[in-house]
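This report refers to the structure that appears directly beneath it.
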There are 2 protein chains.
Amino acid sequence: MANPKQANIYDVARLAKVSHQTVSRVLNNNPSIRPETKTRVLKAMESLGYRPSLAARALASSRSKMLGILSSDTDFTGPAAMVHHMEAAARAQGFFVVTVGIDANDEESVQSGIDHLMKLGIEGLALVTPQLRAVEIARAAVSGIPVVTLDSMYRMDELAVSVDNFAGGAAATQHLIDLGHKNIVHISGPQGWFESTTRAAGYTATMLNANLTPQVIDGDWQIDTGYRIGKKLDIDSKQVTALFIANDRMSLGFMHAMRERGIEVPKRLSIVGFDDLEETAYSSPPLTTLRQDFKSLGNRAMNLLLSEISGTATKKLDRLVPELIQRSSTAAPPKL
Amino acid sequence: MANPKQANIYDVARLAKVSHQTVSRVLNNNPSIRPETKTRVLKAMESLGYRPSLAARALASSRSKMLGILSSDTDFTGPAAMVHHMEAAARAQGFFVVTVGIDANDEESVQSGIDHLMKLGIEGLALVTPQLRAVEIARAAVSGIPVVTLDSMYRMDELAVSVDNFAGGAAATQHLIDLGHKNIVHISGPQGWFESTTRAAGYTATMLNANLTPQVIDGDWQIDTGYRIGKKLDIDSKQVTALFIANDRMSLGFMHAMRERGIEVPKRLSIVGFDDLEETAYSSPPLTTLRQDFKSLGNRAMNLLLSEISGTATKKLDRLVPELIQRSSTAAPPKL
DNA sequence: AGCAGTAATGTTAGCGTTCACATTGAGCGC
DNA sequence: GCGCTCAATGTGAACGCTAACATTACTGCT
């Protein structure tokens, strides 16, 4: 009942009348152990309340069972969900995950986050930092262990899982074109983010392909920025009838500005967002958007990483296509 | 340049012409070392690219420098933000944080999450699980290390940091009463959550204190539930003029239902939420709500935990009062 | 019977730290 | 100039495990 001192492998061995190594073998599921001895050892462990020491194991085997996640913007729904599901996937395989939150725009923050993780002796690293620069720094600072990138991309020969943002941008744009819109503006994410440039590229390519002129306004993901752009955007003289906005948060801010200006969505203006935040189904009006499956993204990334660690890796890249969710913020354009 | 093998303490000692123990002392900032030897050792470390082995240190000193966070609903903004700031605070003091996401309604999930963390040999644990039952299980399963509870409460003699939900509920209610409302309904969170019951208690107490009749509808935090309640709530025959809704997500759903029913907020109905999600400033209309400072909450919790670990703890409880943010979803009641 | 082969278990030596104690040498008082 | 103290450093063992090799005891084959 009391806990005078955590039992170790020798205590268990003594009680089970075997050598400590046999105990170790039981611990590691070594096949060459008689079932009968195995149960005896297990019973001994049980009765001593034995808990293997991870530190000792790590020291002896130089396998820490630790994984690192470097994550920026963890407060956002997407990254938080990915991190959460990655942790669950790792834990299911007996790994421990240390998540370090960083400011991806601050090189020193990235570097010190990496250092922190390297001290730990992690066996693998996942980067949930969509900022290209942060990924570069991290990749450079780490050596000897596999690194998987989520929703970003560095080089084709590295492990990476991402949403096909190009396809998403294209689908959003095509949806608007199919409804009959011609004058479609894109509000992008910040520069230096993989998602920004790729969504914008999907938009641009689709516009050009339909012989339409792309018009891009720089945004930065922030809800407030969507609002401010919405407040001052010249809609009438430019005859804009639709926008593809690079994320839902900006879309929400933008639509708020439209309400204030008395511009009806979707009657006068159609809007497509990106992310499918939960609340966009309940916004005014409910937002047409592209859904990303963060759970699947996280799971796949972790499995990629774990299979690379165990040497059973087969592929290096994985890509998910986002799904267009049609709600009531899009309709045919008005006659102008 | 190459990395044939990580240098250890003996390699450093040899190069610096001291004993390995002196190196260890330098590592641990032992005061009784001559500055001159210290620099020599540091130089040797530098030139060998020496990295101390956490595993070895943990084994020898039985201090793992690991902390655990048990977190449910990590996808929500609040918990995610708290976890994020806790991690940062811990890292600043050289600790590593392993966050485990669980389903707080599933006892086995709670238990296995705890087991996972205990295997690691964590030195302290933080519970970001507002469900009372989960906190109980966790507290019972853990022994020998300090545990801090966030935004929940178990017993007064345990470490805990929380928002003063009672005060928040009271402030929300009083705000509506001050505007002249009499018929104020509360939509609560799910049963079994500390925040639910305490916010409801603050509401009820304030209503009774003003000689008004409390009316509570059970909710569950979900945006969809707010919407569904909003769709069917009998507002006219009951002459309801205001609601205090236990969180912003439900409020968002509720207001969406009001828009669909053509009930004007705040002209016909005033609404107060709780949380101050970023997007509530841009909802239609912008929501009056109570702001919680998750950053401060996380920091304080971690500092409480760390001071308890180092034995310098002074207090055990910390409580933050949420701030009423007035926006345009509240106004004086209509004449009925 | 004798010997190889193999399944099951044992023995010894690390892994890279810290801990407890031992040693050295300089400074000081008398 | 002797011993005492204290500051600075050194020595050996311990932490709890795994790796590598060693031993034992069967089995079956000739």
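Source: prediction; values computed, not measured. Residue numbers begin at 1 in each chain, while the letters A, B, ... track the order of the sequences.
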May I have the distance from [X] (atom [atom1]) to [N] (atom [atom2]), rounded to whole angstrom?
X: Ile9(A); N: dT11(C); atom1: CD1; atom2: P; result: 14 Å
X: Arg34(B); N: dT24(C); atom1: CZ; atom2: P; result: 17 Å
X: Arg40(A); N: dT9(C); atom1: CZ; atom2: P; result: 8 Å
X: Asn28(A); N: dT9(C); atom1: CG; atom2: P; result: 15 Å
X: Tyr10(B); N: dA13(D); atom1: OH; atom2: C1'; result: 10 Å
X: Arg25(A); N: dT18(D); atom1: CZ; atom2: C1'; result: 10 Å

Mapping Ile33(B) and Ala7(A) to their closest nucleotides on DNA chain D, which lands nearer the 5' end?
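Comparing both residues, the 5'-ward one is Ile33(B).
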Distance test, side-chain N/O of [X] to OP1/OP2 of [N], below 4.0 Å:
X: Thr22(A); N: dA8(C); value: no
X: Ser32(A); N: dA8(C); value: no
X: Ser19(A); N: dG10(C); value: yes
X: Arg57(A); N: dT18(D); value: yes
X: Asn8(B); N: dT17(C); value: no

Could you check whether any side-chain N or O of Glu87(A) sits under 3.5 Å from a backbone N or O of Gly101(B), counting only pairs where one atom can act as donor and the other as acceptor?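 Yes; judged by distance alone, with no hydrogens or angles, the pair exists.
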Can [X] and [Y] be counted as having a side-chain donor-acceptor contact under 3.5 angstrom?
X: Gln131(A); Y: Ser72(A); result: yes
X: Arg57(A); Y: Ser53(A); result: no
X: Asn30(B); Y: Lys38(B); result: no

Checklist entry - Which residue lies toward the 5' end of DNA chain C, Leu59(B) or Gln21(B), if each is placed at its nearest nucleotide? => result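 Whichever sits nearer the 5' end wins; that is Leu59(B).
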Heavy-atom nearest nucleotide on DNA chain C for His20(A) versus Pro35(A): which residue maps closer to 5'?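 So the residue in question is Pro35(A).
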Using a 4.0 Å heavy-atom cut-off, does [X] contact any base of the nucleic acid, only the sugar-phosphate backbone, or nothing at all?
X: Thr37(A); result: sugar-phosphate
X: Arg51(B); result: sugar-phosphate
X: Leu54(A); result: nothing

Are the aromatic rings of His116(A) and Phe96(B) close, with centres under 6.0 Å apart?
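Aromatic pair counts; centres sit under 6.0 Å.
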